[in-house]
Amino acid sequence: VSGYKISANFSKIGGLKSGDPVQISGVKVGQISDVGLNPQTYLAKVTMEIDPNVQIPDDSAATINSQSLLGGLALGIEPGGSEEMLKEGG
């Protein structure tokens, strides 16, 4: 996926890793490009690369979900209702 990068902070990410899918309503819209630790907050910072054709409202929520019964994780985005969309670096 080549697109714009956004990030979210989590207190726990389980086994989420670079390359795992980012989904909206179960449809892949991007992938995890980086996972790291924010040294100021001690939260896990997850950076995602999102398909440029997909616009995500800036009040959306992100959750970590099981991809299937066989394992694997995906980051799910629950779109918000804002008319403002996330941009590169959001």
Side-chain angles (χ1 to χ4, degrees):
V1 175
S2 179
Y4 62 101
K5 291 188 178 182
I6 58 174
S7 61
N9 293 313
F10 295 90
S11 59
K12 293 181 183 173
I13 59 167
L16 194 70
K17 61 189 181 312
S18 186
D20 284 345
V22 176
Q23 301 174 334
I24 296 177
S25 299
V27 177
K28 183 176 177 181
V29 296
Q31 69 181 18
I32 305 299
S33 60
D34 188 47
V35 175
L37 183 67
N38 181 322
Q40 282 83 35
T41 63
Y42 298 102
L43 293 173
K45 180 179 179 182
V46 177
T47 304
M48 302 154 261
E49 194 163 351
I50 304 296
D51 183 323
N53 297 314
V54 176
Q55 298 298 307
I56 299 172
D58 67 0
D59 62 345
S60 299
T63 58
I64 298 169
N65 309 310
S66 294
Q67 196 172 3
S68 72
L69 295 174
L70 300 176
L73 295 174
L75 193 141
I77 297 177
E78 185 68 36
S82 176
E83 292 184 16
E84 294 293 319
M85 300 296 149
L86 289 171
K87 296 178 176 31
E88 175 80 26

Glu78, CD atom: more than 12 neighbouring heavy atoms under 6.0 Å: no

Are the side chains of Pro57 and Met85 in contact, using a 4.5 Å heavy-atom criterion? yes

Quick one, Lys5 with Glu88, criterion side chain to side chain contact (heavy atoms under 4.5 Å, CB included). Give me CA distance, side-chain angles, the key distance, then yes/no. CA-CA 5 Å; Lys5 291 188 178 182; Glu88 175 80 26; 3.6 Å; yes

Listed partners of Glu84 passing side-chain contact (heavy atoms from CB on, under 4.5 Å), at least two apart: Asp58, Ser82

Joint hydrophobic cluster, Leu43 plus Ile64, side-chain heavy atoms closer than 4.5 Å: no

To check you understand the geometry: which heavy-atom pair defines the closest contact between Ser60 and Ile56, and what is its length? OG-CG2, 3.4 Å

Shared hydrophobic cluster for Ile77 and Val35 (ILVMFWY, side-chain gaps under 4.5 Å): yes

So, using side-chain contact (heavy atoms from CB on, under 4.5 Å) as the criterion, who are the partners of Asp34 when residues are at least two apart? Thr47

Residues in side-chain contact (heavy atoms from CB on, under 4.5 Å) with Glu83, at least two apart? none

Closer than 3.5 angstrom, by distance alone: can the side chain of Glu49 be matched with the main-chain N or O of Gly3 as a donor-acceptor pair? yes

Anything under 3.5 Å between a donor and an acceptor, one on a side chain of residues 8-26, the other on a protein residue two or more places apart or in another chain? List them.
| from | atom 1 | to | atom 2 | distance (Å) |
| --- | --- | --- | --- | --- |
| Lys17 | NZ | Asp20 | OD1 | 3.2 |
| Ser18 | OG | Ser33 | O | 3.2 |
| Asp20 | OD2 | Lys17 | N | 2.9 |

Applying side chain to side chain donor-acceptor pair (under 3.5 Å), name anything that partners Thr63, two or more places apart in sequence or on another chain. Asn65

Would you say Ile32 and Met48 make side-chain contact, with heavy atoms under 4.5 Å? yes

